[in-house]
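Each remark here refers to the structure printed beneath this line.
Only a predicted model underlies this, so the values are computations on that prediction, with no experimental measurement involved. Just so we're on the same page: letters track the sequence lines, and every chain starts at 1.
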There are 4 protein chains.
Amino acid sequence: MELPDRDQKSIPTLVKDEDLVRAKRRQIVDAAVELFCRKGYHQTTTREIARQAGFSIGTLYEYIASKEDVLYLVCEAIHTEMEIQLREGVREGATGRETLAHAIANYMRACDRMQDSILLIYQETSSLVPESMQYVLQNEERITGVFQDILDQGRMDGSLRIEPAATPLMAHNIVVMGHMWAFRRWFLAKHYSLDEYIAVQTALLMNELGGEV
Amino acid sequence: MELPDRDQKSIPTLVKDEDLVRAKRRQIVDAAVELFCRKGYHQTTTREIARQAGFSIGTLYEYIASKEDVLYLVCEAIHTEMEIQLREGVREGATGRETLAHAIANYMRACDRMQDSILLIYQETSSLVPESMQYVLQNEERITGVFQDILDQGRMDGSLRIEPAATPLMAHNIVVMGHMWAFRRWFLAKHYSLDEYIAVQTALLMNELGGEV
Amino acid sequence: MELPDRDQKSIPTLVKDEDLVRAKRRQIVDAAVELFCRKGYHQTTTREIARQAGFSIGTLYEYIASKEDVLYLVCEAIHTEMEIQLREGVREGATGRETLAHAIANYMRACDRMQDSILLIYQETSSLVPESMQYVLQNEERITGVFQDILDQGRMDGSLRIEPAATPLMAHNIVVMGHMWAFRRWFLAKHYSLDEYIAVQTALLMNELGGEV
Amino acid sequence: MELPDRDQKSIPTLVKDEDLVRAKRRQIVDAAVELFCRKGYHQTTTREIARQAGFSIGTLYEYIASKEDVLYLVCEAIHTEMEIQLREGVREGATGRETLAHAIANYMRACDRMQDSILLIYQETSSLVPESMQYVLQNEERITGVFQDILDQGRMDGSLRIEPAATPLMAHNIVVMGHMWAFRRWFLAKHYSLDEYIAVQTALLMNELGGEV
DNA sequence: CATGAATGAGCATTCATTCAT
DNA sequence: CATGAATGAATGCTCATTCAT
């Protein structure tokens with residue numbers, strides 16, 4: 001499934017070759033994700049990012065204008081990756097209800113794989129300037145939108161019982177449910193395996209949404 | 001309702017008089033909460049904390065050993081405050097179900113009042129050394145425990161229908177539901193007032209827990 | 001002769017003790033004058049200034065807020081020193097003409113002693129932000145004013161023949177004559193000793209101003 | 001009037017074709033004069049010079065070996081331009097005195113047009129290595145020489161009364177008088193128009209040189 | 001010849017922490 | 001106990017210069 005087009009903040013670069021910019025920024029992001037997840041944004045120096053990315057500090061600044069740009073690119077990349085995993089794993093079921101159950105399980109597994117990144121988003125988004133934050137929140141909203149669409153579909157085909165006014169909230173509940181596995185893992189993993197977590201949360205949810213799973 | 005005793009990390013101080021230490025640390029925490037909420041932990045300098053607290057940088061370091069100590073004290077204070085608000089507002093209902101509904105509403109309002117502090121916990125807990133983080137997570141767990149107790153009570157008196165294995169998770173769901181009002185406010189507040197948010201979330205929950213609100 | 005009061009830009013400092021600020025800034029200025037004269041403002045690093053002043057870079061920044069502040073303080077100090085030397089050496093003669101001759105000789109000798117500083121002013125004033133430059137140009141104008149007063153005095157007592165409209169220009173000519181000894185020394189010193197320079201320039205000037213020296 | 005030949009520092013280049021070198025350096029100098037005048041030598045980057053000159057940074061370094069070379073070329077060009085304007089505008093009068101009056105007026109107007117360049121010379125010459133500075137000072141001396149020649153001519157034909165020993169100094173006085181219009185413009189322009197400035201200064205000078213204008 | 005990506009030494013500035021008074 | 005001046009390691013960022021293509 002293709003990612004739809006979307007707004008992205010354009011980050012200034014000194015380099016003209018667009019392919020090169022994309023390639024190097026990929027390296028920067030890979031390096032930074034690893035470092036930010038391990039040490040946090042503020043504890044990571046630009047020199048470390050450059051070194052980890054495999055080039056010099058001077059070269060780093062050919063492709064970004066400030067350290068904050070790296071954070072923005074990282075947030076972008078995380079959301080893009082999440083959206084890819086979300087859409088790739090979605091299979092249309094017979095009913096909205098089936099689609100939802102499948103999408104949730106798939107999403108939860110993605111959250112499990114990307115738990116460090118999810119924490120990163122929660123911790124460092126606030127270090128972005130307002131303009132960048134806008135874009136990041138838009139991405140967050142797009143992900144929520146995926147579930148909202150499924151909920152709407154289920155409401156239309158009658159397989160899910162939910163008030164229209166409650167669907168945005170329910171979609172957010174589902175999304176946060178995935179994040180929760182990341183940021184409350186210190187507790188949850190003591191009591192539930194990932195599969196159990198998915199099973200119980202899905203059961204509770206489906207209960208809310210009328211009838212059996 | 002009294003707060004039960006609990007473990008707290010002991011922070012070294014150069015000052016002997018324990019009452020004085022408590023008083024000054026109160027000042028430090030008040031100053032720091034305000035600053036950390038407004039500017040974040042890393043953006044706040046120790047000098048600013050001292051100034052806002054009303055004394056010199058030298059004095060600040062008589063009562064703490066490092067900036068991170070301030071962060072720990074702040075996290076402690078936030079959880080203490082939250083727990084106080086939680087327990088103060090709880091009134092025993094006729095059934096566990098009634099108690100729960102009341103506790104949730106009360107908790108949500110507390111989260112609304114303390115949204116900045118909640119964000120702070122989400123963003124900066126990771127800046128603590130592991131030992132401090134332990135204590136903070138314990139506090140988080142205590143808060144969750146409040147809801148778990150109510151759920152158990154409702155399960156015992158038959159007013160709530162929930163698997164024993166699901167209660168810890170349900171308790172976390174409730175707690176995170178409050179946090180969500182803080183960290184997703186950028187979206188939620190566009191669609192729901194606090195009262196609506198409480199109403200809809202409670203309805204969904206009660207649905208999960210069998211029958212009507 | 002006392003220096004009259006005058007406007008000075010107030011430079012922010014982190015240190016409260018005003019006497020200490022004055023003392024340390026004196027050290028900073030002494031260090032910076034020496035370094036700026038030898039290497040220029042841009043070629044001098046803040047660390048060098050601190051080291052030469054005898055303290056650490058951190059301490060330097062307790063007394064100034066930016067490198068440019070040092071430049072401003074240096075310019076201020078140079079003009080203050082020049083004005084002191086100017087006023088100290090002035091002795092009232094019987095006529096304005098005599099006072100002038102004496103003031104010029106005295107001023108020229110001051111320019112000779114302070115040639116490095118004069119060059120510094122010519123080269124680096126443009127590195128000041130407009131606000132600082134204002135103050136520096138005011139100082140320059142005050143020095144010129146000294147000669148203008150003497151010229152006026154001589155015009156009044158009839159010992160100097162000069163149009164009122166020409167006095168400001170004449171005063172500037174005299175001032176620049178002193179500077180010229182600094183910035184054209186590479187040529188002038190090949191042909192004239194300081195005394196000769198003073199003698200010839202004074203002769204030319206007095207010729208302009210009517211009659212003999 | 002042709003410019004006489006003169007010594008020029010030879011700047012190394014990677015390019016063989018001498019015409020090409022001359023053409024490109026012309027571009028470099030034009031770009032750099034504009035930038036240095038506007039922002040100063042140190043505030044201008046080599047990339048800006050290349051961009052303004054219309055080619056890449058790599059190409060820039062085909063025609064010069066260091067940023068300082070650009071400064072030298074700029075100083076050279078400024079003095080060349082000044083000398084051209086000086087010699088172009090000079091018309092032989094009946095007497096040295098007339099020639100002088102005319103040359104001064106012409107020179108002053110040139111200084112007025114080139115005030116930014118004059119300031120540049122005053123401010124940045126000291127950033128040259130001694131060898132380059134030598135050449136620049138020689139150029140300065142050549143310009144002074146123009147006036148010295150005229151003074152000598154006037155002394156010979158009896159139209160100017162001046163000691164032979166005073167002529168070099170007088171020539172420098174004239175030259176600096178032009179510069180003064182540039183570097184004291186912040187004061188002078190408040191009191192005099194260019195024409196007034198020329199008139200008064202010429203009057204004072206001619207007074208020094210015996211008799212009326 | 002022309003290009004422009006890569007380099008890394010260098011710089012101004014900050015800030016947690018100490019310690020003499 | 002309180003103060004606040006002193007410290008210097010650390011950091012984000014710049015820019016002259018090089019060199020492979």
Side-chain angles (χ1 to χ4, degrees), chain A residues 13-17 20-21 24 42-51 54-70, chain B residues 13-17 20-21 24 42-51 54-70, chain C residues 13-17 20-21 24 42-51 54-70, chain D residues 13-17 20-21 24 42-51 54-70:
Chain A
T13 168
L14 296 177
V15 174
K16 298 177 179 172
D17 182 336
L20 189 56
V21 171
K24 294 278 183 183
H42 286 102
Q43 279 67 34
T44 303
T45 69
T46 52
R47 298 178 123 83
E48 287 174 306
I49 298 170
R51 192 179 323 121
F55 34 70
S56 71
I57 181 69
T59 303
L60 178 68
Y61 276 90
E62 297 263 311
Y63 295 95
I64 52 145
S66 72
K67 189 185 174 188
E68 200 232 296
D69 284 348
V70 178
Chain B
T13 167
L14 298 175
V15 176
K16 303 288 162 65
D17 182 338
L20 189 54
V21 170
K24 294 279 183 182
H42 286 101
Q43 278 65 36
T44 302
T45 69
T46 51
R47 288 173 123 94
E48 286 174 305
I49 298 170
R51 191 181 322 122
F55 36 71
S56 72
I57 181 68
T59 304
L60 179 67
Y61 275 88
E62 299 267 321
Y63 296 94
I64 53 144
S66 72
K67 189 186 175 189
E68 200 231 292
D69 285 348
V70 178
Chain C
T13 166
L14 297 178
V15 174
K16 299 177 178 174
D17 182 336
L20 190 55
V21 170
K24 293 280 183 179
H42 285 103
Q43 278 67 33
T44 302
T45 69
T46 51
R47 295 182 121 80
E48 286 174 306
I49 298 169
R51 192 179 323 123
F55 34 70
S56 70
I57 182 67
T59 302
L60 178 67
Y61 276 88
E62 297 263 312
Y63 296 94
I64 52 146
S66 71
K67 189 184 175 190
E68 200 232 295
D69 284 348
V70 178
Chain D
T13 167
L14 298 176
V15 176
K16 304 288 163 59
D17 182 338
L20 188 55
V21 170
K24 294 278 182 182
H42 286 102
Q43 278 66 37
T44 302
T45 68
T46 51
R47 289 173 120 95
E48 287 175 303
I49 298 170
R51 188 178 328 123
F55 36 72
S56 71
I57 182 68
T59 304
L60 179 69
Y61 274 88
E62 298 268 322
Y63 296 95
I64 53 144
S66 73
K67 189 183 175 190
E68 199 231 292
D69 284 349
V70 178

Within this structure, what is the OH-to-P distance between A/Tyr61 and E/dG10, rounded to whole angstrom? 19 Å
Categorize B/Thr45 for me: base, sugar-phosphate, or nothing, with a 4.0 angstrom heavy-atom threshold over every strand shown. sugar-phosphate
Interatomic distance, A/Lys67 NZ vs E/dT13 P [rounded to whole Å]: 20 Å
Residue met sooner reading DNA chain F from 5', once C/Phe55 and A/Thr46 are mapped to nucleotides: C/Phe55
Between B/Gln43 and D/Tyr63, whichever has its closest DNA chain E nucleotide further toward 5' is D/Tyr63
Checking all strands, does A/Leu14 fall into the base, sugar-phosphate, or nothing category for heavy-atom contacts under 4.0 angstrom? sugar-phosphate
First and last nucleotide of DNA chain F touching chain C, 5' to 3', heavy-atom cut-off 4.0 Å? F/dG4 to F/dA10
Using a heavy-atom cut-off of 4.0 Å across all strands, would you classify D/Thr44 as base, sugar-phosphate, or nothing? sugar-phosphate
Comparing nearest nucleotides in DNA chain F, the 5'-proximal residue of the pair D/Glu68, A/Ala65 is A/Ala65
Can you name the closest pair of heavy atoms from A/Leu60 and A/Ala50 and give their distance? CB-CB, 4.1 Å
Rounded to the nearest 0.5 Å, how far apart are OG1 of C/Thr45 and CZ of C/Arg51? 6.5 Å
For DNA chain F, report each stem as range with range, ordered by first number, or say none. Use Watson-Crick or G-U wobble pairs under 3.5 Å, at least 3 in a row. E:2-21 with F:2-21
Which heavy atom in B/Glu48 sits nearest to a heavy atom in B/Gln43, and how many Å separate them? OE1-O, 3.7 Å
Over how many whole Å does the gap from C/Glu62 atom CD to E/dC15 atom P extend? 12 Å
Which pairs, with at least one residue in residues 57-67 of chain C and sequence neighbours excluded, count as a side-chain hydrogen bond (donor to acceptor under 3.5 Å, both in side chains)? C/Ser56-C/Thr59
Which heavy atom of D/Val15 sits nearest to which heavy atom of D/Thr13, and what is that distance? N-OG1, 2.9 Å
Nearest-nucleotide check on DNA chain E, A/Thr59 vs B/Arg47; residue mapping nearer the 5' end is A/Thr59
